[in-house]
Amino acid sequence: MIDVVGFLISWLTLLGIYAILALTLNFESGTSGVTNFGKVFFYGLGAYVGATLTVYLFLLLNGVDVSKTPPYDVSGIVLLGELAGKNPALNLGLLALSLATAFLVAGVIGYLLSYPIIRVGPAFVGFTLLSTGELFRIFLQHYEPVGGSRGLMSIPGPFSWVPQPRLREVLFLALVLAVLAATYLVMDRLTNSPLGRTLRAVRDDEVAALCMGKHVPKLKATVLFIGSGFSGVAGVLLAYYLTSVNPDMFVPAVTFNVWAMIILGGMGNLRGALLGASIFTFIDRALSFVTPQLGVTVISPDYVRGFAVGLVMVLVLLYRPQGLLPEGRVETVAWEELGGGASG
Amino acid sequence: MVLVANILEVKGVSKRFGGVVALQDVSLSVPSQGIVGLIGPNGSGKTTLFNVVTGFYVPDKGEVWFNDGNRSERIDGLNPNEVFAKGIVRTFQIPRLFKSLTVLENLLVTPFAQKGENPLKALKPSSWIEEERALARKAVSLLRRFGLLEYANVRVSELSGAHIKLLETIRGLMTPAKLFLLDEPAAGVEAGAAHELFRLVRELRSEGYTFLIVEHRIEILMQYVDYVYVLHNGQLLAEGKPEEVTSNPKVVEAYIGGGSA
Amino acid sequence: MLPGYPYSILNFFQYTFFYILFSIPLTLSYRNTKVINFAHANFISYGIYTAVFLNGLLGNTSLALACLAAFAVGGSIALVNHLLVFRPLEKRGASMSLIMIASMGLWIMYNYALYMLADIAHYYTLKNFISYGRIVYADVPEVELLGLRLQQSFVAGGLAALVLVASLYLFLEKTTLGKAMRAVADNPVLAEISGIPRNTIVNLTWLIAGGAAAVGGAIWTSFSGTVTPTSADAMILQVFTVSFIGGLVSLLRTGLGAVAIAFIENVGIAALNTYFGVPISFRPFLTFVTLLTILIAFPPLGAAGGLPFRFRSRKVRAE
Amino acid sequence: GGAAGQAPGAAQQAPKKVYTIGFTLPLTGELSSIGKIWEKVVYLAIDDLNKEAQAYGFNVEFKAVILDDGTTPEKALQNVQTLAQQGIKVIIGPAASSQVKAVKGFVDSNQIVLISPSSTAPTLAIPGDFIFRTVGSDAGQARVLATLAYQEGARKVIVFHRNDEYGNAFADFFKKYFSELGGSSIDVPYQTGLSDYAAEVASLASKVQSEKVDAVVLISFDTDGGNILSHAAESPVLSSVRWFVSEGPHGAAELKAPAVGAFAAKTKLLGTRPLFIGNPLYEDFKKRLKEKYGVDASVFCDTLYDAVMLAGWAMLRAGSSDGNAIRSALIEVAKHYYGVSGWAIFDEAGDKAYQDYGVWAIVKTDGGYDFKDVGVYERGSIVFTAKPYP
Amino acid sequence: MVGVLRLVDVYSGYGKMEVLHGVSFELGKGEIAAVLGPNGAGKTTMLNTIFGLATLHRGEVSFNGVKLNGRKPSEIVKLGVSYAPQLDNVFPNLTVEENLVVGAFIRGKDPGIRSDIEDILDLFPEIKRRRNQKAKTLSGGERQMLAVARALMTRPSVLLLDEPTSGLSPKAGATLMNKIKEIQQTRGVAILLVEQNVARALEIADRAAVLVGGKIVREGSADEFKSIPIERLFFGK
Ligand SMILES: Nc1ncnc2c1ncn2[C@@H]1O[C@H](COP(=O)(O)OP(=O)(O)OP(=O)(O)O)[C@@H](O)[C@H]1O
Ligand SMILES: Nc1ncnc2c1ncn2[C@@H]1O[C@H](COP(=O)(O)OP(=O)(O)OP(=O)(O)O)[C@@H](O)[C@H]1O
Ligand SMILES: [Mg+2]
Ligand SMILES: [Mg+2]
């Protein structure tokens, strides 16, 4: 009776998007010690860049005058819906363009934002970024060209030319998983390299690292560039997935969910980030199948689910206080030298 | 002092913290390939001087010049990482190891401008793997020399006090800098290891490196240095060859004290 | 004359009181335990709902009683969190960020528990507790001052903030236990070695932090037009902002932060609106801009760390 | 746990066919106070639906699966997916337009019929999709509110409104219609989701003073609206101008407080709301909701109730679990359905075609203050059925 | 001689890891005993075990016949044992004076605290000048002095000192040693001293033990050790 395939597709898609965020946050905060409480900012930035680019170019390239038919008005929305499936090349081209632009825009802004946070400690870095995210959200609400408080909707997805919904969902899932795999590969290479080691050193003691010749500000900027770039990409995927963006989607709670994921899984451990994201999204979903069947009447059954999510989080932490997968050592060839040395 | 170039020259440096005068008009110079000692009572400003030289503090007055072979540069007021890049490495009196890294990793972090620290190259392991191997070999041999090899894969938060101190110094020695500033490398370290450390310093000197060393265990230090400066209350009290200094009554009075060795 | 006078000015004081009541406990708990406690919002919301349930179920109209009960409830929640979650985690070697996430878990649990409680209360009384109007208390006077009517919440909030600040000042500065509190925060292991009963102090810290914030919550019910289970969540960012201005460690700076943010949010936005036409929907925007400005212009030291890095390092001079 | 608790009485004959309707409601978050009332409405409606179906001889049972979406778009999508994966083809909710937008793609491509009882954003008036709304769009109500304000003598007003899709769109329409009538208005948006609006109200007061307006037009939801009115009641300046209010605060319990009641009387506060006035079904519905669950019918309770009824009858009529069939059946059923919110006919965009609007006030009763419908909008003007304020 | 502090067959370490493998040791009333040994031998761990900061796997630690096993550090201090650790031994954000005030915490409102602070600061003139300076800004040696000073504030009957002279100038180190001796003689405090500077330690100690690899390899009177090249013992066997 339960559509297991549908469940898996919808779960994995959202999981994939969150896992990208978790991997980047893990890289920034777990490995490098840039406590990024503003994850949602870069995520939202990517989503808006992708969405704006797609809807405007879609209309412009189809010869629509956006000053008369802006994409956030009903007429524009209806037009977008009609044009969405007409030209596969356009959809795919815009996907590529959106991904690249979102990566760059979010990355560069992350890079620039590292400037004001250089001289403050971790908690303040976090709050500075969080505040920036809130500023961004309020700005979006007032900024008409991206729809203001209406947001944008009817964003033509990359596969909206595929007629069968199931196939379309599978294709999108494949896209998400491919991006996830690429993110994982990059993060894995970076963390298990001299750079990863240096970043961990910066995390442990910025001052000592600086005195050991590490250009800490530049390193942080680089980390924020990479992390934010990938978060921006995740944002684009979200925009296509929901086919709409709205300022209210990008509230600090999103950031904290991602934090919960990486800490649950184990800070500084890439696979931990994936595991944390999986567990976190799974519990919430699985419970929403169960709780309505509980037969609770006095209180809303769904409250039981919300409560249980919090409880599971606390229990898992109590049971595994290092997170599920603790941080390992930086895996480079250096250890091979030790093998020879230790035996000798 | 005309023929031997001075790698480091401190000229009339002063530094105060609120009411505390930590350094007052201190001038000293370190000859290239020298092993120079810097001693003085507690709180006399030795560490502060290191901090000024390495860019940790900006001096209130005075200048610090660094002479790299043929070029002489003024380095006070630079950022610590820029000073490091010029070839000056310091160690901390109160160790500041990277606590969540293992012993081996702590050593591997130090070397400057590793290929694999560049994000783009980091993505391509083949570009840095050779360098990494070479560094690891160097680190392993250093660890072996000081009997720390068995701890190579241990996080430094699990080391004993003196091993932490020792590692702090060895970490500094991992990178081929021109001038090393060591802040009490032998504090708490057992005599055998301490001597080993100074022997290594001598070897490195013969390879062309220069050392400025703060140390209170003068019975060890004096066997290895060729020149000594004495600070007292932030001012230079005496300088000279080890024997001269240890027999200088002012130094005995202020620093070495009466009966003890 | 300032725009919005006199309401904006009154609100400025009113909010200062509230921010003191909400943020100083937060700063205190972080300073002494190094736990960034996301569940801090719960202390406030349970304080609010202690007063609401007392009023809605028992018809209580005494703010003093509500405050006492709120202190007990908030304090117990904080203690229970600490004893059942934070301390076991710490004993098992969990990092601070992990404990922070545990506090997020607790936050979620308590939020839903509050909704459940409201449901149960509804079941018995058929009253709506999810959205509850302002409570008028019988035991707090409204004061006339220079022709201005100071609401109950103004009187009670001012009094409570004063009591909190004065008693914390006396406690921290004048008693050894207060000094010991700072020592625990500074170096917990050494504190124990020195014979300071770290557990007692940490317990006490949580009791005060939870209790005082909850008292603030109880007084909030006599101020805000409507309270909901998410009232506290909606303001927690502001509360954190105030604490962050205090560097999370300095109570004095937190107090100044309370004044600054309350000023900006009330008088500041009104002035900008009047003279520059800035829409008042920019109020939260302004709060965060203030925070960013303060963080960048005067980076708080202490917990803030600080890198000896100068953007304009002197140019190298060569010969 | 099984679903046994749902069905009281013993099963006698052939097993009943079970129809499940999914709900995604704001049981937590900003709209939770309405969400909780809606939950009760759902119970009542499902109950009624079962009784009616039985009376007509159908051997079926309707069941509700209610999920909480916390008023967030992402959660709403997740709920809709979860419900769809249980084979549910008809979903009622979510409350906010931003949420409806986020689920639109999924319901359209999976052919799931979605009925929102409260989304009023004009941008969702899209023909041919699977989204239905049992309430008229904001444009209609804005016209009524403008008419009301103008007819009551206001010429210069401040439009104090939520800075979100609902508030901004509503305010835009209001300003348009109000200026067509000959009035002028000043736009004052306020940020949503705050815990309290005292600062906003203070700013509003100074604006009212400096601009010398006749009235404030408040466009809000219930919690923020209640909050704002409670604070406004404290201010002599704001008590000296007229107040005209959208449907949001209607039913908010905190507005029955004596201070607010007195304020309403002093400012002759009037509100508009989508309502088919003089509808005996509605009066009955209101009474039964109060009796059975102890809650007052607040805003959109009637549209939600009708949404459930329409969904149930459409499912019975379609007889299959094919989304397209249910969709067509729904359109058909609505053509002949007269419910607590009046005639339910949908226009080509799937929105309520004929929405009537009423005027409400807060009046003094024996027990204190209560909401009362005091007028209707008829052919371009407001006709009062009662005199709310002396 | 009665042992005030006794370790009987102690196995201890950190978590599951074992560092001490069967250490038995007795500190007599009013005596100074030196614990010597190479780096990483377990000297600090031995002190930590006494103070309940390491995990005791097996064996017994007692003070004046009171079992210390499983007690919290704060209880142990109240019994009259005080400890100046090797690392992290000051409160960095408290001033020198506050460090001392807090160090005397267990004495409550004892009016003698004020005068004790003055007395102890007189012992260490270097830090007396810095009494209102935060501990984190002290020089390495000043910090070390503060650590010892703080430990003295509880008026202990047993004092555990972990490398108190490391980082002190020769003069200051010698002075400190003399003061330790003086404290022992005037106040009858028993002192367990871990020290790298063997000669200096043996000068004031009554008894000594050598700890290697988590085991005591030799124990005896200080004079006995003076005659043997003790550092060979470190690597002996
Ligand atoms: N940030 C600071 N603020 C105030 N005083 C300081 C600060 N840093 C150092 N001092 C003071 O400056 C003096 C010099 O300190 P410094 O660390 O240079 O001494 P040192 O010679 O290295 O001593 P030691 O041998 O004990 O390490 C000390 O008395 C110290 O208290
Ligand atoms: N917190 C810890 N966790 C795990 N292992 C530890 C910890 N602290 C110390 N060790 C290990 O226990 C052993 C003994 O350490 P200890 O600190 O007791 O040595 P020590 O004799 O005091 O040496 P030193 O002269 O260097 O101070 C060392 O091998 C060290 O690596
Ligand atoms: Mg020093
Ligand atoms: Mg030790």
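Naming convention: chains lettered A, B, ... in sequence-line order (proteins, then strands); numbering from 1 in each chain. Note that the structure is predicted; figures quoted are calculated from it, not measured.
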message = Taking the cut-offs as 6.0 angstrom to the six-membered ring centre and 45 degrees off its axis, would you call K34(C) and Y30(C) a cation-pi pair?
response = yes
Six-ring centre of F124(E), K179(E) cation under 6.0 angstrom, axis tolerance 45° = yes
Could you verify whether a donor N or O on one side chain and an acceptor N or O on the other, from [X] and [Y], lie under 3.5 Å apart?
X       : Y       : answer
T45(E)  : Y14(E)  : yes
Q238(C) : E265(C) : yes
E192(C) : S74(E)  : no

Any idea which of [options] has the most non-hydrogen atom pairs under 4.5 angstrom with chain C?
options                           : answer
I76(E), V101(E), N89(E)           : N89(E)
N99(E), V90(E), L53(E), I106(E)   : V90(E)
A151(E), G103(E), A135(E), P92(E) : P92(E)

Does any backbone or side-chain atom of [X] lie under 4.5 Å from a heavy atom of chain C? Answer side chain, backbone, both or neither.
X       : answer
I113(E) : neither
Y83(E)  : both
P85(E)  : side chain

ask   = Given a strict heavy-atom distance threshold of 4.5 Å, which part of A191(C) is in contact with chain E: side chain, backbone, both, or neither?
value = both
key: Top contributor to chain E contacts, counting heavy-atom pairs under 4.5 Å, from D186(C), L177(C), T175(C), V189(C)   = D186(C)
request  = Heavy-atom pairs under 4.5 Å with chain E are the metric here; pick the option from P197(C), A185(C), G195(C), A180(C) that has the most.
outcome  = G195(C)
key: Side-chain donor or acceptor of E195(E) paired with backbone N/O of N197(E) under 3.5 Å   = yes
ask   = Could you go step by step and tell me if R150(E) and I193(C) meet the side chain to side chain contact (heavy atoms under 4.5 Å, CB included) rule?
value = CA-CA 10 Å; R150(E) 198 218 92 251; I193(C) 291 175; 3.9 Å; yes
